[in-house]
Amino acid sequence: MAVAKVIVDVPAKQTNRPFDYRIPNRLMNVLVPGMRVIVPFGPRKVQGFVIEIAEKSQFPKLREISELMDIEPVLNEELLLLSDWLTEKTLCYKISAFQVMLPPALKAKYEKKVRLKNRSHLAMLPSVLQSLFSNGDVIKWEEVSKGNELSLLQKEIANDVLEVLYEVKERVKKKTIKMVAPAVTNKELQKIRSEFPSRNVKQLKLIDHFIEHHEPMERQKVMSILGVSSAVIKGLLEKGILTEQTREVYRDPYRDRDIEKTEPLQLTSDQSQAIQPILAALEEKKHDVFLLYGVTGSGKTEVYLQSIQRVLEDGREGIVLVPEISLTAQMVNRFKGRFGDRVAVLHSGLSVGEKYDEWRKIQRKEVKVVVGARSAVFAPFENLGIIIIDEEHETSYKQEDNPRYHARDVAIERAKRYNCPVVLGSATPSLETFARAKKGVYQLLTLSKRMNERHLPHVDIVDMREELREGNRSMFSRVLHEKIQDRLEKKEQTVLFLNKRGHSSFVMCRDCGLVLQCPNCDISLTYHRFNQQMKCHYCGYESIVPTTCPECASDHIRYFGTGTQKVEEEIAKVFPGARVIRMDVDTTSRKGAHEKLLTQFQEGRADILLGTQMIAKGLDFPNITLVGVLSADTMLHLPDFRSSEKTFQLLTQVSGRAGRHELAGEVVIQTYTPEHYSIELAGEQDFDQFYEREMMIRKVHKYPPFYYIALITVSHEELMKTVDVTEKITGFITSRLSNEAVVLGPVASPIPRLNNRYRYQCLIKYKREPKLTDVLKTVLDHHQQDMHQSGLQIAIDKNPYILM
DNA sequence: AGCACGCCGACT
DNA sequence: GTCGGCGTGCTC
């Protein structure tokens with residue numbers, strides 16, 4: 001008797017193991033590992049993944065698989081194996097690993113319903129329940145359980161008058177269209193034609209069409225092109241002359257685009273030197289990791305494109321990861337332009353259905369290349385030839401909730417299994433990557449020249465303290481003001497960068513100093529002028545703006561800080577007539593808004609593009625000749641050991657937006673700490689020196705890449721409990737690790753309270769601790785019941801990117 | 001995660 | 001004496 005080992009969709013410690021099920025006869029030769037099934041689990045039904053087919057089970061009384069959800073496995077053999085690696089690496093549940101590998105459309109939806117078993121028993125029900133069932137036999141559980149009819153309900157369930165139904169549903173339907181086709185051969189059709197009553201003009205017209213084109217046609221098209229109504233089609237369907245079929249179609253998010261086809265460009269000598277080792281690795285089918293280190297505008301993309309070209313010629317497949325802050329449109333166009341419909345695209349801007357369709361194309365081997373954000377690293381290819389990660393240093397490649405994986409690690413792991421290269425591209429690589437490249441763990445490939453010998457833009461660093469001293473209290477320094485004015489006159493474009501959103505960052509009482517805080521999170525509330533509200537950016541809490549101080553009743557309440565909205569107003573004042581496009585989370589939240597705004601800017605319908613983080617990447621418009629950074633130091637003071645690195649990267653990226661084409665570019669960076677090395681060196685665009693400086697600091701403070709770090713965040717409603725548990729954990733870990741490891745804590749998290757929960761953390765810095773994973777597992781095990789009962793939460797991140 | 005089972009306080 | 005509170009443990 002064959003048995004299926006199934007991982008059920010219940011993310012909990014106790015269910016994080018295979019459960020055995022009997023395979024019904026009808027599925028005997030159909031079921032293979034990697035398929036989703038619906039199985040009975042206790043009283044309910046849940047989705048599960050078959051991971052293995054076994055001969056027999058230790059377990060005496062097996063239940064049977066209820067239903068099969070897939071015709072072909074959604075997880076191939078390699079991904080099933082990879083999930084073992086992923087769960088071990090990130091300490092996540094098996095089911096979470098599976099789910100992160102698949103499009104969200106494949107996650108099950110559960111519905112609980114109540115059914116009246118026999119309509120004739122309706123009268124037996126208490127009147128409260130009777131009314132519920134007046135319109136039908138089945139109602140949703142929520143409709144009954146919200147009132148106090150619950151006990152009545154349970155009685156009737158015990159009486160066998162009502163029954164509870166558990167349903168497992170798919171999230172998306174495969175999109176289909178109706179096709180009409182001849183039901184008979186052409187010969188027979190002609191025979192029918194000759195005997196057909198000639199007064200049926202419309203039906204004859206249809207038959208004539210299908211004699212001429214003996215193939216299926218979209219029902220919609222039949223009606224519109226041949227000018228017949230659905231009644232006519234119906235008539236022929238009933239006579240058995242035509243048949244109707246449904247065909248799966250893909251929602252194509254790029255259907256309405258005209259993307260120009262491009263041919264491989266002639267590589268510069270720099271580029272061809274860089275691509276050689278990659279091509280060699282492809283040739284030898286050898287796993288290797290390359291760091292393609294090239295300044296902005298040095299033509300990394302063409303290297304990617306031609307590497308993939310080779311992979312495709314070899315009949316293999318490629319994955320290209322791009323940062324989620326998706327200025328992917330330009331990137332996507334380049335790949336679609338080169339490889340046409342052999343490209344699938346996966347990013348967060350797509351609907352659940354669209355993502356599913358793109359994923360299906362990969363699964364069905366209808367595409368050979370996928371361009372996508374972080375999770376695209378799990379694209380179900382089976383003959384991978386290359387994985388490319390563009391802007392390798394981007395933090396969005398790290399998933400910040402379970403499973404806390406880094407796409408770079410997954411890429412390397414997969415590439416090892418396929419003996420294929422990984423290419424990491426960046427102008428400002430992460431220190432970890434650059435250090436490995438220097439050590440020879442990765443191969444360093446350098447593109448040192450910008451394309452077409454374009455020079456890097458000239459950078460001005462302006463000391464805003466100086467400005468203030470000389471009486472300029474505006475948010476624009478005199479230099480920046482002058483240059484913006486100059487661009488406006490020359491009809492060239494300016495990009496202004498500010499990494500904050502909202503109108504003012506916080507509201508403060510000038511009498512008592514009170515800063516309005518979120519009642520749930522101990523974080524300052526942000527003022528949003530748009531709807532006149534105070535908003536918490538962490539939990540979403542909203543409140544109206546007070547006119548008087550809630551603490552001392554003073555009416556000296558003022559806004560502080562500078563947000564994009566405020567800058568926009570200031571621009572309107574200082575540069576009347578300048579046309580501004582503002583891009584921040586508020587103006588781009590609508591689907592497609594992002595791209596629309598960019599297109600407007602590209603078409604020259606605005607002089608100034610004002611935005612936050614999201615405009616730092618990818619922008620590549622010829623008419624941008626000035627980039628201004630309004631306050632370079634805002635992120636420098638975040639409590640994060642990577643803040644200098646991030647500042648440097650961001651400033652370099654933003655500066656790279658200027659002068660990428662014929663016109664030369666200029667950059668103005670405004671700061672209150674011009675002497676800080678990350679700002680100074682970003683001004684000189686000197687990554688190598690920045691690297692040296694930062695490495696020294698990392699070494700002294702025992703941070704990556706010299707040490708690995710792991711972060712444990714404990715949260716609970718009660719402060720005492722939180723501290724207590726964190727303390728115990730810190731002590732336990734200290735006792736189990738070697739003296740080489742540094743265990744810091746317990747300390748309050750940089751966000752000390754979130755959603756009414758206190759947060760404390762323990763940070764582990766280590767070099768080699770083979771026991772660490774086991775120790776961490778023990779920590780989780782040990783607090784298992786506490787997590788269940790008192791709502792204690794323990795999050796473990798073995799390679800955190802945000803220490804919050 | 002659900003859900004059932006089971007053991008103790010305030011009610012018809 | 002019973003209803004229902006939620007601690008405990010199981011789900012192939």
Side-chain angles (χ1 to χ4, degrees), chain A residues 1-25 27-28 31 33 35-69 87 91-100 104 106-115 126 128 140-160 162-169 171 401-403 716-717 721 780-795:
Chain A
M1 181 193 57
V3 165
K5 295 196 174 290
V6 174
I7 300 289
V8 291
D9 180 17
V10 181
K13 179 93 204 180
Q14 291 144 301
T15 50
N16 189 33
R17 59 185 177 85
F19 286 80
D20 294 352
Y21 287 89
R22 204 169 57 239
I23 303 175
N25 272 333
L27 298 181
M28 209 51 105
L31 197 68
M35 286 179 171
R36 294 173 306 149
V37 288
I38 295 172
V39 291
F41 197 63
R44 58 207 169 112
K45 290 198 169 174
V46 296
Q47 190 182 66
F49 289 83
V50 176
I51 55 162
E52 198 186 322
I53 309 272
E55 270 309 301
K56 53 178 187 281
S57 171
Q58 306 287 348
F59 200 80
K61 38 184 198 297
L62 295 185
R63 296 172 81 182
E64 194 171 74
I65 289 175
S66 321
E67 238 176 281
L68 179 60
M69 297 184 83
T87 41
L91 302 171
C92 71
Y93 300 132
K94 230 20 202 296
I95 190 72
S96 314
F98 291 156
Q99 258 147 18
V100 80
L106 295 184
K107 205 175 156 188
K109 257 192 349 203
Y110 296 100
E111 264 177 27
K112 192 178 172 185
K113 292 177 174 173
V114 184
R115 189 171 79 98
V128 224
K140 285 194 183 133
W141 178 263
E142 291 82 53
E143 286 175 37
V144 265
S145 59
K146 60 173 181 263
N148 43 3
E149 302 103 24
L150 201 64
S151 61
L152 291 173
L153 202 69
Q154 271 160 349
K155 225 178 253 165
E156 297 306 331
I157 292 164
N159 284 344
D160 222 25
L162 300 179
E163 78 175 328
V164 184
L165 301 177
Y166 296 92
E167 286 179 6
V168 185
K169 287 200 164 168
R171 275 180 183 237
D401 44 41
N402 277 324
H716 192 270
E717 283 178 11
K721 177 86 182 175
L780 283 177
D781 277 351
H782 192 255
H783 293 88
Q784 178 61 30
Q785 66 274 44
D786 211 348
M787 291 168 76
H788 204 252
Q789 287 158 9
S790 77
L792 178 77
Q793 279 175 22
I794 300 175

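Values below: every heavy atom of this structure, side chains too, minus hydrogens, waters and symmetry copies. Throughout, a chain's letter reflects where its sequence line sits, starting with A, and its residues are numbered from 1.
- For the pair A:F49 CZ and C:dC12 P, the computed distance is 18 Å after rounding to whole Å.
- Side-chain atoms of A:P43 lie closest to B:dC3 of the nucleotides C:dC12, B:dA1, B:dC3.
- Rounded to an integer number of Å, the gap from CZ of A:F41 to P of B:dA1 is 13 Å.
- Between A:Y166 and the phosphate of B:dC3, there is a side-chain N or O to OP1/OP2 separation shorter than 4.0 Å.
- Environment of CD in A:E717: sparse, with no more than 12 heavy atoms of neighbouring residues, nucleotides or ligands closer than 6.0 Å.
- We find that CD1 of A:I95 is positioned 19 Å from P of C:dT11, with the value rounded to whole Å.
- Of all nucleotides listed (C:dC10, C:dC12, B:dC3), C:dC10 comes nearest to the side chain of A:Q14.
- One interatomic measurement links the two molecules: NZ of A:K13 to P of C:dT11, which rounds to 18 Å at whole-angstrom precision.
- Under 4.0 angstrom from either OP1 or OP2 of B:dC3 there lies at least one side-chain N or O belonging to A:K112.
- Taking the side chain as every heavy atom from C-beta outward, A:Y21 and A:P40 approach each other to under 4.5 Å.
- At whole-Å resolution of the value, NE2 in A:H788 and C1' in B:dG2 are 9 Å apart.
- Under the 4.0 Å criterion applied to side-chain N and carboxylate O atoms, A:K113 and A:E111 are assigned as salt-bridge partners.
- Using a 4.0 Å heavy-atom cutoff across all strands shown, A:P40 reaches sugar-phosphate atoms only and no base atom.
- As rounded to whole Å, 11 Å separates atom C1' of C:dT2 from atom NZ of A:K155.
- Backbone-only engagement by A:Y21 is indicated by non-hydrogen atom pairs under 4.0 Å involving sugar-phosphate atoms exclusively.
- Protein atom CD1 of A:I7 is 14 Å distant from nucleotide atom C1' of C:dT11, rounded to whole Å.
- Atom CD in A:Q154 sits about 11 Å away from atom C1' in B:dC3, given to the nearest Å.
- At a cut-off of 3.5 angstrom, the base of B:dA1 holds at least one donor-acceptor pair with the side chain of A:R44.
- More than 12 heavy-atom neighbours from other residues, nucleotides or ligands sit within 6.0 angstrom of NZ on A:K13.
- The side-chain ring of A:F19 is not stacked on the base of C:dC12, judged by centre separation under 5.5 angstrom and plane angle under 30 degrees.
- A salt bridge does not link A:K56 with A:D20: every distance from a Lys NZ or Arg NE/NH1/NH2 to an Asp or Glu carboxylate oxygen is 4.0 Å or more.
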